[in-house]
Amino acid sequence: MTSSPIRFVPGGRKALRDWRDDTKPLLKVDDLHVEFRTREGVAKAINGVSFDLAEGETLAILGESGSGKSVTAQAIMGIIDTPPGYVTGGRVEYYGTDLLAMPEKERQSVRGAQIAMIFQDSLSALNPVLPVGWQIAEMMRIHWGMNKSDAMTRAVSLMERVRIPGAAQRVNAFPHQFSGGMRQRIMIAMAIALDPAVLIADEPTTALDVTVQAQIMRLLEELQDERQMGLILITHDLGVVADVADRIAVMYAGRIVETGGIYDAYAAPSHAYTRGLLDSIPRHDQKGETLYAIGGLPPSLTRIPAGCAFNPRCRYATDDCRVGAPPPLVEVRPSQWSACLHAEEVIADAQR
Ligand SMILES: Nc1ncnc2c1ncn2[C@@H]1O[C@H](COP(=O)(O)OP(=O)(O)O)[C@@H](O)[C@H]1O
Ligand SMILES: [Mg+2]
């Protein structure tokens, strides 16, 4: 498999080679803050999220529903719904350039072309009344000014690349004529059409059955390897990404509470919340078995508890955990960072 794709961007747009800077990380999110100003109050959705992503690396962002995973992705893409959503602080750097400070017009040339995203719901993300090939080709026509027949030819080869059987014949078919798994492949073809350097997949397989999930994950892994993209996999199911991710970032109430190599977190989680997520991985081989679930519910983001936001649900919590500012991420093992005051105890329990 080739590891160095040619990233050719016709039409005078700023190409990847113009952005790339070997002294800067591919993507760096620094102290990101996002809030939603609603009638019920201000929901503090993202409260100081920082991470970076290297070329060829896969970062899994994990957390229960409502923890801020999608909002983080939307902030990186520059597609936060405003109002009610506002980025109130931080930076999102692409090879050192802060995307948040960029005028919308310039941002548009980054979105989709340099940083692309696939969504969970392929049916609502694709246009139901347009043939799939046309939708893929449109990306190249708009961003690159490619002519229709060249764009259609490339659309077919992208459909072949994501292994849609009979791509040449099905290029004019409509989204509803494909299965959920095949539609997700079409979404992937659209996302890689412009050779992005970063691909964000937000729960890409949640709507699919287990076998198809695994196939889609394998395809993403393969494409990433071939193109050396930075890949962000967002999921609530650690089981799905365990074989694919290099690092994880576990989110709770809009913060990263544990981050590091996936193997370390798997072997011995250092935050009680990560431990809970691990214990609740669905066991696909044990259908019907009652699953462990973390007791209680995530907090309302308009009233996040003082101290560690997880404290009301945590069996390790002590008085220290219930007061003051949230505990910062601390390196508790080489390359394993935890925001839990009882990290040592949590690790020790996992190793028991
Ligand atoms: N469009 C919106 N309007 C109001 N609040 C929102 C909106 N989108 C997200 N939020 C808030 O941000 C929180 C995190 O959302 P999200 O990032 O989508 O969670 P998830 O981790 O499930 O992807 C939500 O629980 C909600 O409080
Ligand atoms: Mg989400």
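All values derive from a computational prediction rather than experimental measurement. Counting convention: from 1, in listed order, for ligands and their atoms alike.
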Suppose we measure from [atom] to each protein heavy atom; which comes out shortest, and what is that distance?
atom                    : value
atom 5 (N) of ligand 1  : F36 CG, 3.3 Å
atom 14 (C) of ligand 1 : G66 O, 3.6 Å
atom 18 (O) of ligand 1 : S70 CB, 3.5 Å

For A253 and N47, which heavy atoms make the closest approach, and how far apart are they?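 A253 and N47 have their closest heavy atoms at O-ND2, 3.1 Å.
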Qualifying ring-ring contact (aromatic ring centres under 6.0 Å, His included) pairs with a residue from residues 225-270, counting only residues at least two apart or across chains: Y252-Y273, Y252-F310
Contact between S65 and ligand 1, counting heavy atoms under 4.0 Å? yes
Closer than 4.0 angstrom: is that true for some heavy atom of E64 and an atom of ligand 1? yes
Atoms of ligand 1, numbered as shown, that sit under 4.0 Å from any heavy atom of [X]:
X    : answer
A45  : 12 (O)
L301 : 13 (C), 25 (O), 27 (O)
P84  : 3 (N)
V71  : 9 (C), 12 (O), 15 (O), 16 (P), 17 (O)

Using a distance threshold of 2.8 Å, state whether an N, O or S atom of S65 lies below it from the Mg ion (ligand 2).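 No, outside the cut-off.
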Cationic N near anionic O, under 4.0 Å, R333 to E344: yes
Please tell me if the side chains of I61 and F51 come closer than 4.5 Å, counting only heavy atoms from C-beta onward. yes
Would you say [X] and ligand 1 have an N/O pair spaced under 3.5 Å apart?
X   : answer
T72 : no
A43 : no
S67 : yes

Indicate whether any N or O donor in one side chain lies under 3.5 Å from an N or O acceptor in the other, for Y94 and Q114. yes
